Amino acid sequence: MEWESTSTNTSGLRRRHQNQNGAFTNGNGSSSHYQSSSSKKLKKRVVRNLDLFPKIEKDLTVKSSSGSKLTTIAYILTVIIIFAEIYAHKTANSQYKEHVTVDKSLGKKMRVDLNITFPGLHCDDVHMDIMDVAGDAHTDVEDTIVKKRLHKDGSQLSTEEITLDLNKAHAKEKEILDAIDKSLAPDYCGPCYGAGEPGDCCNHCDDVLQKYQDRKWSKTQVKMIAEQCVREGKTTPSRMRKNEGCNIAGFMQFNRVNGNFHIAMGEGVERDGQHIHSFLPDDVGNFNASHIIHELRFGPEYTSGKGSSEPTTLEGVTKIVTEENGVSGMFQYFIKIVPTTYKGKNVVKTISPGYDFSKDPNEIPVLETNRYFTTERFTPLMMDIDDENWELGEKVAKKYQNQKDVEPAQIQHDDALDDYYNFYYERQEPDRIAGAKVGGNTGTSHHQHESHRQQQAILPGIFFIYQIYPFEVEISMDQVPLTHLFIRILSTVGGVFTIVGMIDALLHSRNGKGSRK
């Protein structure tokens with residue numbers, strides 16, 4: 001029995017020894033539980049040491065009146081700064097960003113919307129002509145432009161007034177055509193100059209012009225050469241009509257290259273590759289170039305938004321000519337056009353709220369238009385001249401007084417253009433002396449000259465000379481993520497409380513030193 005007991009105790013000591021050195025577990029696993037609890041305590045100690053916000057017992061804290069005041073100020077500043085950051089975020093998301101790039105568009109057309117009123121011009125005397133540097137020219141554009149006849153007070157003529165006037169003109173023209181028809185052969189069949197079908201007859205000028213209009217051909221050239229128009233006297237310029245105004249409104253489309261469009265005196269024609277205006281020289285003073293520009297846009301017009309609500313440079317411009325400022329004249333508007341592209345969903349939604357984004361949901365929406373700025377120049381038809389120029393005009397008159405049989409085209413090219421016009425009018429009216437009768441006085445005598453006016457060699461009208469820049473401006477809207485706002489608010493709030501805490505600690509330390517003294 002003793003031997004067995006000794007053996008049992010020896011084995012128990014051996015097991016305990018092995019448990020200490022060899023990490024053997026006993027039957028109930030008490031050593032393993034001790035090891036796991038130690039590791040957990042170690043982990044907690046490490047995590048606790050990472051705490052950057054040490055705590056202080058309430059009994060050890062000191063609250064002061066200065067601290068409460070600074071805390072209130074800190075809260076107020078925090079609220080103000082948070083609202084300011086939110087406002088700045090919204091403002092940043094609504095700001096436009098402009099980027100200049102090279103314009104790579106080729107073969108595109110440019111649209112011009114216009115609305116102009118001429119208080120002193122009859123609609124029959126208003127002709128819109130277009131020409132560009134590429135050589136394309138369009139005379140008397142009427143397809144997309146509507147003309148409205150106006151009274152002198154600016155009110156529109158009623159339908160009854162227009163009908164009555166047209167009936168009178170039609171009756172007068174019918175009398176002329178009837179007289180012409182009687183002089184023609186009974187079987188006369190006038191040519192349609194390629195615009196009609198085989199067997200068609202164009203016996204009158206209007207028939208030829210209507211055929212050309214049906215085919216959308218230019219009527220300018222055929223009107224000058226058609227025998228019907230020559231016979232009816234429609235190839236010569238007609239005198240200007242008075243006592244009415246005209247409003248033109250519509251749009252035009254032309255090549256996206258430099259050029260000009262104008263409304264000038266006379267009817268424009270293309271002859272030998274040159275654009276010429278045909279009119280009666282003694283009717284120049286009757287062309288009233290006064291005008292009011294209600295609208296002039298180079299590009300599409302959008303329904304609403306910032307881009308379309310901004311007035312363009314020439315909208316509302318009013319120019320009135322009188323006897324004092326030249327009777328008539330030539331207005332020139334030099335327009336610099338900058339192609340503009342609005343890119344991005346937010347900016348397109350702002351510019352054109354009616355834009356259909358479902359057409360290309362995967363594509364970035366783009367709107368193309370043009371912005372422009374202008375400079376202008378006015379050259380009066382009648383210009384005041386001083387006594388020195390007056391004497392020069394008399395010398396010019398004497399120089400050509402004995403040359404009335406010389407054609408104007410034979411004048412040497414080195415002569416001044418004004419001299420040519422003075423000589424030309426002198427030949428048309430032999431009793432007129434250059435530079436003398438323009439101001440109202442007669443003869444070559446210029447005693448007690450007070451006011452002298454001379455007609456300049458200009459074509460009265462309104463000219464819009466446009467130039468398209470070779471680059472375009474791309475306008476987009478900045479997109480600031482919401483995370484930026486969150487980060488700015490956190491940094492701002494942390495900075496406010498950190499600075500306020502430093503101020504409070506400084507005040508508290510100063511108060512503590514003062515109390516110890």
Side-chain angles (χ1 to χ4, degrees), residues 46-56 58 61 63-103 299-311 338-371 471-509:
V46 172
V47 172
R48 189 164 49 248
N49 291 334
L50 293 177
D51 186 8
L52 298 178
F53 308 100
K55 309 302 184 295
I56 301 176
K58 291 185 178 181
T61 58
K63 294 186 177 183
S64 61
S65 59
S66 62
S68 62
K69 293 178 181 179
L70 289 174
T71 303
T72 304
I73 294 174
Y75 281 126
I76 295 174
L77 287 176
T78 301
V79 172
I80 293 174
I81 292 175
I82 289 175
F83 279 107
E85 289 294 337
I86 295 174
Y87 177 78
H89 180 76
K90 291 184 176 181
T91 304
N93 277 334
S94 61
Q95 287 183 347
Y96 290 95
K97 179 177 62 176
E98 296 187 357
H99 179 65
V100 178
T101 60
V102 177
D103 186 11
E301 178 182 1
Y302 302 112
T303 55
S304 63
K306 179 178 178 181
S308 60
S309 62
E310 292 181 349
V338 181
T340 304
T341 301
Y342 294 94
K343 189 175 182 180
K345 186 175 182 179
N346 291 337
V347 66
V348 170
K349 185 185 296 185
T350 303
I351 298 300
S352 180
Y355 185 86
D356 186 11
F357 294 95
S358 62
K359 294 186 297 183
D360 296 314
N362 297 326
E363 297 291 334
I364 299 177
V366 174
L367 293 179
E368 295 182 350
T369 184
N370 299 282
R371 296 185 296 179
F471 58 83
E472 67 176 358
V473 178
E474 183 180 289
I475 300 178
S476 59
M477 192 175 290
D478 286 333
Q479 295 293 324
V480 181
L482 191 63
T483 54
H484 286 204
L485 173 64
F486 182 69
I487 293 172
R488 290 180 65 88
I489 290 177
L490 289 181
S491 61
T492 302
V493 172
V496 168
F497 279 97
T498 300
I499 294 175
V500 171
M502 293 172 60
I503 296 175
D504 179 64
L506 178 62
L507 294 177
H508 181 69
S509 62

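Quick caveat, the model's predicted, so the values are computed rather than measured.
Atom CG of Leu367 is separated from atom CD1 of Ile475 by 11.0 Å, given to the nearest 0.5 angstrom. Note that OG1 of Thr72 and CG of Leu77 are 11.0 Å apart. Values are rounded to the nearest 0.5 Å. Residue Thr498 holds its OG1 atom at 8.5 Å from CE of Met502, rounded to the nearest 0.5 Å. Of the inter-residue distances, the one linking Lys69 atom NZ with Thr71 atom OG1 reads 12.0 Å to the nearest 0.5 angstrom.
Heavy-atom minimum distance, Pro339 versus Asn370: CA-OD1, 3.3 Å.
The existence of a salt bridge linking Arg371 and Glu98 is confirmed by a sub-4.0 Å separation between a basic side-chain nitrogen and an acidic carboxylate oxygen.
Residues Thr101 and Thr341 have side chains not in contact (no heavy-atom distance under 4.5 Å, counting atoms from C-beta outward).
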List, one per line, each side-chain donor-acceptor pair under 3.5 Å for residues 484-494, sequence neighbours excluded.
unit_1, atom_1, unit_2, atom_2, d
Arg488, NE, Glu85, OE1, 2.7
Arg488, NH2, Glu85, OE2, 3.3
Ser491, OG, Ile487, O, 3.1
Ser491, OG, Arg488, O, 2.9
Thr492, OG1, Arg488, O, 2.6

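With respect to Lys343, the side chain to side chain contact (heavy atoms under 4.5 Å, CB included) criterion is satisfied by exactly one of Glu368, Glu474, Lys97: Glu474.
The local environment of OH in Tyr75 is sparse, with at most 12 non-hydrogen atoms from other residues, nucleotides or ligands closer than 6.0 Å.
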